[in-house]
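Have a look at the structure below before the remarks.
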Amino acid sequence: MAALIGRDLLSLADLNSGELQELLELATELKSEKLKLHCNKVLGLLFSKASTRTRVSFTVAMYQLGGQVIDLHPNVTQVSRGEPIQDTARVLDRYLDALAIRTFAQQELETFANYAKIPVINALTDLEHPCQILADLLTIQEKFGTLAGLTLTYVGDGNNVANSLMLGCALVGMNVRIAFPSGYSPDAEIVEKSRAIANNKTEVLLTHDPEAAAKGASVLYTDVWASMGQETEANNRFPVFQPYQISEQLLSLADPEAIVLHCLPAHRGEEITEQVIEGSQSRVWDQAENRLHAQKALLASVLGAK
Ligand code: CP
Ligand code: NVA
């Protein structure tokens, strides 16, 4: 994947369709262990929000490539004492080979990327979660053997995961339906961008009707009703989101072969029922595993592993 060497991944739309599909192929090869890649590089993790999967999968991916990781929590750096991002980015650039950042504002990530020449990777912002969607698409491809023409229905909050899913589905030729309560829409600019990528060949549908959206879908997907940073809104959100739960009844409307995905962490009894997440159509553990393989492919590509 020479085309990706040195590149940032701030939004899933930083990849074109061919690059995204090649990354998924590389992830598949790395997962099968038919291919081994090596790079003696150092990745920094600068995470301002909690993380289990992203932190551990990036770390293990880097170790398996023969590289190393430095966990740079903002509290143990001068970032917490107000050192400007512009300065921090130019300094880290001199030590590290790549930087994965989890933060609130997309703008902060973009400032890092503007001031650091090394690859900067979005490990989740309020706007997007592109690394999650690499793993999601890999999981869907493993189940169906292909992506183009399938329909993914996301039910719940129009959040970072929903935004990146719209871009990802459009890039691989999947139809995407987002069913959300009024007032909790995905980002309008990303909707437009996804529709531009889909170019009328596939659907990017926004609706308030979860049942209509679920009908015949190959993938049902949900995420928490209150994301990190929205904890104080949780009590007000719950009654509004109740009709947007993935239950066995909603799942029965999807294609009989449909799979259920959730980026995790999950709140059973809220956005998904215990029966569905533990049921036979759930692929959430494969999906979580695939974070490792997908991010290993991404790191190997941007770092030029051989
Ligand atoms: N899905 C996901 O990004 O999980 P973490 O918050 O645990 O990294
Ligand atoms: N939308 C969730 C995803 C967590 C992985 C959040 O931002 O908290």
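These figures come from a predicted structure and were not determined experimentally. All ligand and atom numbering here is 1-based and tracks the order in the structure.
No more than 12 heavy atoms of other residues, nucleotides or ligands lie within 6.0 Å of CG in Asn200, so this atom counts as exposed by the packing criterion. Residue Gln64 qualifies as enclosed at atom CD: its count of foreign heavy atoms under 6.0 Å is above 12. Surrounding OH of Tyr95 are at most 12 heavy atoms belonging to other residues, nucleotides or ligands under 6.0 Å away.
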Open item on the list: One pair to check against side chain to side chain contact (heavy atoms under 4.5 Å, CB included): Asp223 and Asp157. What are the steps and the verdict?
Closed with: CA-CA 7 Å; Asp223 183 17; Asp157 186 23; over 6 Å; no
TODO: Decide yes or no on side chain to side chain contact (heavy atoms under 4.5 Å, CB included) for Trp285 and Leu264, but give the supporting numbers first.
DONE: CA-CA 9 Å; Trp285 314 118; Leu264 305 177; 3.7 Å; yes
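When the side chains of ILVMFWY residues are joined at heavy-atom separations under 4.5 Å, either directly or via intervening members, Leu261 and Leu134 end up in a single hydrophobic cluster.
At a heavy-atom cutoff of 4.0 Å, ligand 1 is surrounded by Ser51, Thr52, Arg53, Thr54, Arg102, His129, Gln132, Cys263, Leu264, Arg291. Closer than 4.0 angstrom to ligand 2 lie heavy atoms from Leu124, Asn159, Asn160, Asp223, Val224, Ser227, Met228, Leu264.
Within the 4.5 Å cutoff, no side-chain heavy atoms of Leu152 are placed close to those of Asn175.
The aromatic rings of Tyr154 and Tyr221 are tilted relative to each other, their planes meeting at an angle between 30° and 60°.
In this structure, Glu271 contributes its side chain and Ala266 its backbone to no donor-acceptor pair below 3.5 Å.
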